[in-house]
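Since the structure comes first, as structure tokens, the remarks are kept for the end.
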Amino acid sequence: RKALGATKGQLIAQFLTDAVVLCSIGFIVALLLGILALPYFNILAGKMIVDSIFDKPFLIIILALISVLAGLLSGLYPAFMLSSHNSGIPAAKKFSLHALTKPLIVAQFSAAIILAAITLTARDQLTFMQNRELGFKKDHLLVIDFQYDNRIQDHGESIARDMLGIPGITAASFSAYVPGRPNRKFLVQANDTEGREEKFMSDFYFIDEKFLDQYGIKVIAGRPFNNNRDANQDAILVNEAMARNLGYNNPSSLIGKKIINIYTRATAEHTVIGVVSDFHFATFREEIKPLVLQVSPGNFTLLSLSISASDIHPAMQDIQKKWSKLATGLPFSYFFSDETYDAQYKSEDRFSKIFFCFSLIAVILCCLGLLGLSIFSTQQRRKEMAIRKVLGASIINISRLLTRDYFMLFCISFATALPIAWLAVSGWLNSFPYRIAIGYEIFIWAGALTLLTGLLTIAFQTIKTAVTNPVESLKVKG
């Protein structure tokens with residue numbers, strides 16, 4: 001075109017126009033894919049992000065401008081470089097994209113490794129949280145919310161006996177709260193080991209005498225509540241975190257001590273009769289805090305029923321029939337303890353899935369860039385490879401030669417990504433009081449998966465070049 005009279009400005013305009021048109025086509029394709037993927041992303045995110053992409057026209061305009069800007073930026077370098085060459089000198093001999101493509105490939109590889117490391121860490125942390133010992137039993141526990149109904153509160157013992165008469169029901173207890181559900185907090189006052197008065201907020205659980213056995217919560221010092229409710233009136237149990245908070249290394253030393261519950265309008269003094277082992281009564285994302293357990297029938301609103309695993313469905317039908325007779329007009333509102341507790345992990349589960357999608361997209365983009373560079377590089381070196389093959393180089397030697405540069409790019413990417421991934425992973429894990437240890441294997445796996453994907457991407461083009469007849473390559477001009 002230059003030899004035929006095209007000016008430098010015309011050539012620059014042609015390159016920029018081609019790049020902008022190409023990016024605009026990509027924007028349209030991306031918009032269509034976004035429309036198709038939006039419902040699935042809303043499901044993955046666990047909430048309605050937006051009903052339609054077109055509900056945010058301003059964002060579409062911004063994305064369109066970004067696509068045009070991307071086209072201009074991607075076309076500037078080749079436009080000015082190629083248009084500046086003398087028409088008598090083949091541009092391909094002076095112009096190379098390697099100066100730009102290699103840093104871009106490194107950046108893409110680094111991003112893929114970082115996202116893969118975060119995804120693997122999120123998966124391991126979620127597995128750790130789901131499998132960690134919680135300090136209580138949550139399986140096969142049906143919890144009925146009777147909304148403080150007096151008919152249930154006033155006849156709790158007889159109702160519990162009726163429920164235990166249903167086949168498959170092995171235990172029953174009343175409480176105001178169960179693990180995984182919100183509970184009340186009160187300001188309490190107690191003396192520490194040195195006799196100093198301490199005031200702090202403490203979680204409270206109002207339970208009956210059978211709650212601890214049913215939920216498998218162990219008393220490690222002192223005694224549990226007995227069946228004499230008058231004797232339990234001023235008695236309380238506390239957890240190990242309460243003992244530590246007051247400076248007691250030996251939980252037994254807390255037995256008989258006084259803890260004052262400071263209400264808004266009244267003050268109640270209680271005696272510690274026992275210490276229970278720590279259990280995760282709140283979310284796993286929080287450190288176990290001081291807890292007071294007290295028998296308080298007037299605050300009960302939940303009935304927990306333990307059901308044999310083999311009798312869940314028939315037992316549910318019998319429970320519902322019994323409930324309709326015991327509390328006419330009261331809705332049969334229930335939930336399973338394990339499902340309620342595990343629901344706390346939904347945010348981590350969504351985080352893991354979303355980052356997996358981002359990692360997958362990053363790897364795909366990385367592979368596309370790598371594939372383009374591989375095709376470009378092999379085309380430029382086809383005669384060199386043909387000559388090497390004529391001189392006796394094997395297919396393995398040529399394949400190794402062609403992939404050596406990509407392996408070096410990967411090593412640079414891994415070295416770049418490692419500290420960033422470490423900081424990102426450790427920063428996220430620090431938000432959890434109970435977390436996995438950061439092991440080197442996570443980064444090795446992230447790097448290995450990314451490297452394997454990259455090698456598979458260039459394998460076809462590399463092998464194709466290595467097995468090509470050298471005569472055919474040497475015939476090609478240029």
Side-chain angles (χ1 to χ4, degrees), residues 40 42-44 46-47 126-183 205-218 227 279-284 297 299-350 352-353:
Y40 301 100
N42 286 333
I43 294 173
L44 182 64
K47 60 181 179 179
L126 179 61
T127 303
F128 169 76
M129 292 169 64
Q130 291 174 332
N131 296 331
R132 180 182 166 89
E133 178 60 44
L134 299 174
F136 71 94
K137 295 185 296 187
K138 61 183 175 66
D139 297 326
H140 311 307
L141 273 167
L142 174 73
V143 183
I144 303 172
D145 186 354
F146 55 85
Q147 303 168 17
Y148 301 97
D149 193 288
N150 289 331
R151 290 172 293 177
I152 309 299
Q153 284 187 344
D154 296 341
H155 303 90
E157 292 186 9
S158 62
I159 289 173
R161 285 195 298 270
D162 289 341
M163 290 297 179
L164 288 171
I166 297 174
I169 305 298
T170 59
S173 68
F174 288 91
S175 64
Y177 321 107
V178 294
R181 301 264 289 193
N183 59 274
Y205 257 43
F206 300 125
I207 62 174
D208 69 3
E209 301 82 359
K210 301 177 180 62
F211 182 88
L212 296 180
D213 285 338
Q214 185 179 21
Y215 278 82
I217 299 170
K218 300 176 182 178
N227 292 324
F279 65 97
H280 292 274
F281 58 90
T283 172
F284 200 86
N299 290 305
F300 294 162
T301 186
L302 301 175
L303 170 59
S304 299
L305 301 173
S306 298
I307 308 176
S308 300
S310 58
D311 299 319
I312 291 180
H313 294 295
M316 284 291 297
Q317 296 175 353
D318 293 338
I319 293 169
Q320 193 164 4
K321 291 177 183 178
K322 181 77 70 175
W323 190 260
S324 62
K325 295 178 182 179
L326 293 173
T328 305
L330 184 65
F332 183 59
S333 176
Y334 69 92
F335 58 89
F336 285 93
S337 178
D338 57 344
E339 293 177 357
T340 299
Y341 197 88
D342 291 343
Q344 299 178 105
Y345 305 136
K346 282 186 177 179
S347 60
E348 282 75 24
D349 187 40
R350 285 195 298 267
S352 177
K353 290 178 179 176

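In this chain, numbering begins with 1 at the start of the sequence shown. Because only heavy atoms are used, hydrogens play no part in the values below, and waters and symmetry mates are left out as well, while side chains stay in.
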Drop me the distance from Glu339's CD to Asp139's CG, to the nearest 0.5 angstrom. 10.5 Å

Can you check side-chain contact (heavy atoms from CB on, under 4.5 Å) on Thr301 and Asp145, steps first, answer last? CA-CA 6 Å; Thr301 186; Asp145 186 354; 3.1 Å; yes

Among all residues two or more places apart in sequence or in another chain, which pass the salt bridge (charged side-chain N to carboxylate O under 4.0 Å, His left out) test with Arg151? Asp149

One pair to check against side-chain contact (heavy atoms from CB on, under 4.5 Å): Leu326 and Lys322. What are the steps and the verdict? CA-CA 6 Å; Leu326 293 173; Lys322 181 77 70 175; 3.7 Å; yes

Heavy-atom pair of closest approach, residues Val143 and Ser337: CG2-CB, 4.4 Å

Mind running side-chain hydrogen bond (donor to acceptor under 3.5 Å, both in side chains) on Ser304 and Tyr215 for me, showing each step along the way? CA-CA 9 Å; Ser304 299; Tyr215 278 82; 2.8 Å; yes

Taken in chain and number order and not counting sequence neighbours, the residues that satisfy side chain to side chain donor-acceptor pair (under 3.5 Å) with Tyr205 are none

In terms of heavy-atom contacts, Phe300 and Ala176 come closest through CD2-N, 4.0 Å

Could you check whether any side-chain heavy atom of Phe146 comes within less than 4.5 Å of a side-chain heavy atom of Gln153, counting everything from C-beta outward? yes

Could you check if a side-chain atom of Leu142 sits within less than 4.5 angstrom of a side-chain atom of Ile319, using non-hydrogen atoms only? yes

Which residues pass the side chain to side chain donor-acceptor pair (under 3.5 Å) test with Asn183, sequence neighbours left out? Asp203

Show me, pair by pair, the donor-acceptor contacts under 3.5 angstrom made by side chains of residues 160-173, not counting sequence neighbours?
from	atom 1	to	atom 2	distance (Å)
Thr170	OG1	Ser306	O	3.4
Ser173	OG	Gln214	OE1	2.3

Taking all atoms of both residues into account, what is the closest heavy-atom pair of Asn299 and Tyr148, and its distance? O-CE2, 3.2 Å

Between OG1 of Thr283 and CZ of Arg181, what distance do you get to the nearest 0.5 Å? 14.5 Å

Which of parallel (below 30°), tilted (30 to 60°) and perpendicular (above 60°) describes Tyr334 and Phe336? perpendicular

With rounding to the nearest 0.5 angstrom, report the CG to CD1 distance, Leu302 to Ile152. 12.0 Å

The criterion is side chain to side chain donor-acceptor pair (under 3.5 Å); which residues satisfy it with Lys353, sequence neighbours excluded? Asp349

Nearest non-hydrogen partners of Gly180 and Thr340, listed with the distance: O-CG2, 4.2 Å

Restricting to ring pair (Phe, Tyr, Trp, His ring centres under 6.0 Å), what partner residues turn up for Tyr341, sequence neighbours left out? Phe136

For a quick test of reading the model, state the closest non-hydrogen atom pair linking Phe279 to Pro179 and the distance between them. CE1-CG, 4.2 Å

Separation between NE2 (His155) and CG (Asn150), nearest 0.5 Å, reads 10.0 Å

Enter the distance from Asp342:CG to Met129:CE here, rounded to the nearest 0.5 Å. 10.0 Å

Measure across Tyr177 and Pro182 and return the closest heavy-atom pair with its distance rounded to 0.1 Å. CD2-O, 3.4 Å

Flag yes if more than 12 heavy atoms outside Gln130 fall under 6.0 Å of its CD atom; otherwise flag no. yes

